[in-house]
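Please read these numbers as outputs of a predicted model, since none were measured by experiment.
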Amino acid sequence: MAEGSQAKPDRNLALELVRVTEAAALASARWVGRGDKIAADGAAVDAMRLVLDSVSMDGTVVIGEGEKDEAPMLYNGERIGDGTPPVVDIAVDPLEGTRLCALGMPSAIAVIALAERGSMFDPGPCVYMEKMAGGEEIADLLDLDRPLPETLKLIAERKGGSVGDVTVVMLDRPRHEDAIREVREAGARIRLITDGDVSAALLAVSERSPVDLLWGIGGTPEGVISAAALKSMGGQLLGRLWPRNDDERQAALDAGYDLTRVLTANDLCGGEDVFFSATGVTDGDVLEGVRYRGSGVTTESLVMRSRSGTVRRVHARHDRAKLRAILGAGAERYG
């Protein structure tokens, strides 16, 4: 390169992906509180797929809505984009928290992540994994094999407080009853959530969060998406596959999975140039939800790129009439 010249900036796909998650959020927000989670999810999928067609890339969905026979769009293995570079893996959850959206509850989000081809972990037959996540300050203290009360004590010491100051976010599930008891007996606090693995992971690593730690058995696909976010936000996520029954365990072993292995965020998403976008559907601790203001509607998104470590918070105002004019036949999705 000649002296004094500058390299031409390459494309930041995250800035294109925010349009994708905004579309999914705007579409599903029309169903907030209406009690129909299937319709809400369908609207998000349709809108996300529509806008993804406008992104120049050669993408393959590796974390999606299931296999082709079960999901007509954004299914695992679907090719996305116009076939031009970059060549990427795509992980999507068009509406994380379908029940949250349907019931008008907090923290439903639309989310997508992209990374270099072959860099995202394939969960295979394992739907669930044991997970632990925390921010940069405590990343080195995370350990799935250490008793949870001991880890809570170490976190309290690191933060200069007592165990009573530590808050753990955890899915409210019967499988967590023993851990809930252990955490409370240790003196720590718990924020129980009904749904939303990715949102909870973002909450655990966010600088402005009241939560210190994510722990629990949740979705493996959501673990991969969360790992993509942590590539930019910092912190750590650990995961270990958790088969639900003997058949799933045997299927995983037959496929060559090591069920004792503790996976890090880099194992789950190993790309060097990872792009991530999430847009709020309903209000939550991490993101404000879609809000209608007369003829306009507002959204809030987190947009990230790992190579630069840039995390943007994007507030946008959308004109509903202009959206309908631009999107034509798809306009009814946006109300």
Side-chain angles (χ1 to χ4, degrees), residues 13 17 20 41 45 48-49 52 55 57-81 83 85-96 110-133 144 197-198 200-202 214 216-232 236-278 304 306:
L13 280 170
L17 294 182
V20 174
D41 188 53
V45 171
M48 180 171 279
R49 184 64 176 82
L52 272 171
V55 181
M57 63 181 174
D58 181 359
T60 300
V61 177
V62 297
I63 302 290
E65 293 290 284
E67 299 303 324
K68 184 175 182 179
D69 290 342
E70 297 293 332
M73 286 191 294
L74 297 179
Y75 55 83
N76 297 350
E78 183 177 6
R79 299 292 294 273
I80 300 293
V87 180
V88 295
D89 284 344
I90 302 174
V92 300
D93 197 341
L95 179 58
E96 187 200 41
V111 62
I112 188 170
L114 302 188
E116 299 96 319
R117 179 68 50 83
S119 63
M120 286 186 173
F121 181 76
D122 180 357
C126 293
V127 176
Y128 289 114
M129 70 190 320
E130 181 184 4
K131 287 183 280 192
M132 178 180 283
L144 288 176
D197 278 6
V198 177
L202 294 175
L214 162 73
I217 297 161
T220 307
E222 289 82 356
V224 176
I225 296 174
S226 299
L230 266 63
K231 298 283 284 192
S232 296
Q236 181 60 278
L237 183 148
L238 302 180
R240 182 161 49 204
L241 298 176
W242 191 82
R244 294 172 293 177
N245 51 51
D246 290 340
D247 289 343
E248 192 169 289
R249 174 179 293 275
Q250 191 59 52
L253 292 173
D254 291 344
Y257 287 90
D258 180 357
L259 299 180
T260 65
R261 180 186 177 191
V262 175
L263 301 159
T264 67
N266 279 330
D267 294 322
L268 293 168
C269 185
E272 294 300 320
D273 202 11
V274 180
F275 304 92
F276 177 94
S277 178
M304 314 179 200
S306 69

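In terms of modelled atom types and a separation under 3.5 Å, the side chain of S306 and the main chain of E272 share a donor-acceptor contact. With hydrogens and angles ignored, the 3.5 Å screen pairs a side-chain donor or acceptor of T220 with a backbone N or O of C126.
The 12-atom threshold is not exceeded at CZ of R249, counting heavy atoms of other residues, nucleotides or ligands nearer than 6.0 Å. Open room surrounds CG on D246; 12 or fewer heavy atoms of other groups in view lie less than 6.0 Å from it.
With a 4.5 Å cut-off on side-chain heavy atoms, L237 and T264 do not count as touching. The shortest side-chain heavy-atom distance between I63 and D93 does not fall under the 4.5 Å cut-off. At least one side-chain heavy atom of I80 sits less than 4.5 Å from a side-chain heavy atom of R49. Side-chain atoms of L52 and I112, non-hydrogen and from C-beta on, do get closer than 4.5 Å to each other. Side-chain contact between P243 and L259 is present, with heavy atoms from C-beta onward closer than 4.5 Å. Q250 has its side chain out of reach of D247: every pair of non-hydrogen atoms, C-beta onward, lies at least 4.5 Å apart. Contact check for V92 versus V20: no side-chain heavy atoms found under the 4.5 Å cut-off. Contact check for V127 versus E248: side-chain heavy atoms found under the 4.5 Å cut-off.
Expressed to the nearest 0.5 Å, how far CG of L263 lies from CE of M129 amounts to 5.0 Å. Of the inter-residue distances, the one linking T60 atom OG1 with I90 atom CD1 reads 7.0 Å to the nearest 0.5 angstrom. A distance of 5.0 Å separates CG of D58 from CZ of R117, quoted to the nearest 0.5 Å. Taking CE of M120 as the reference point, atom CG of L114 lies at 6.5 Å (rounded to 0.5 Å). Separation of atoms CZ (R261) and CG (L144) is listed at 13.0 Å; rounding is to 0.5 Å. Considering CG of L202 and CG of L214, their distance stands at 10.0 Å, rounded to 0.5 Å.
Under 4.0 Å is where a charged nitrogen must lie from a carboxylate oxygen, and between K131 and E222 no such pair does.
For the pair A265 and A227, the tightest heavy-atom approach, listed with the atom from each and the gap, is O-CB, 3.6 Å. Across all non-hydrogen atoms, the minimal contact from L13 to F275 is N-CE2, 3.3 Å. Across every non-hydrogen atom of V274 and S232, the tightest pair is O-OG, 4.5 Å. Residues D197 and E96 share a closest heavy-atom pair of N-OE2, 2.8 Å. Taking each heavy atom of Y257 and D122 in turn, the nearest pair found is OH-O, 2.7 Å. Looking at every heavy atom in both residues, E65 comes nearest to N76 through N-OD1, 4.2 Å.
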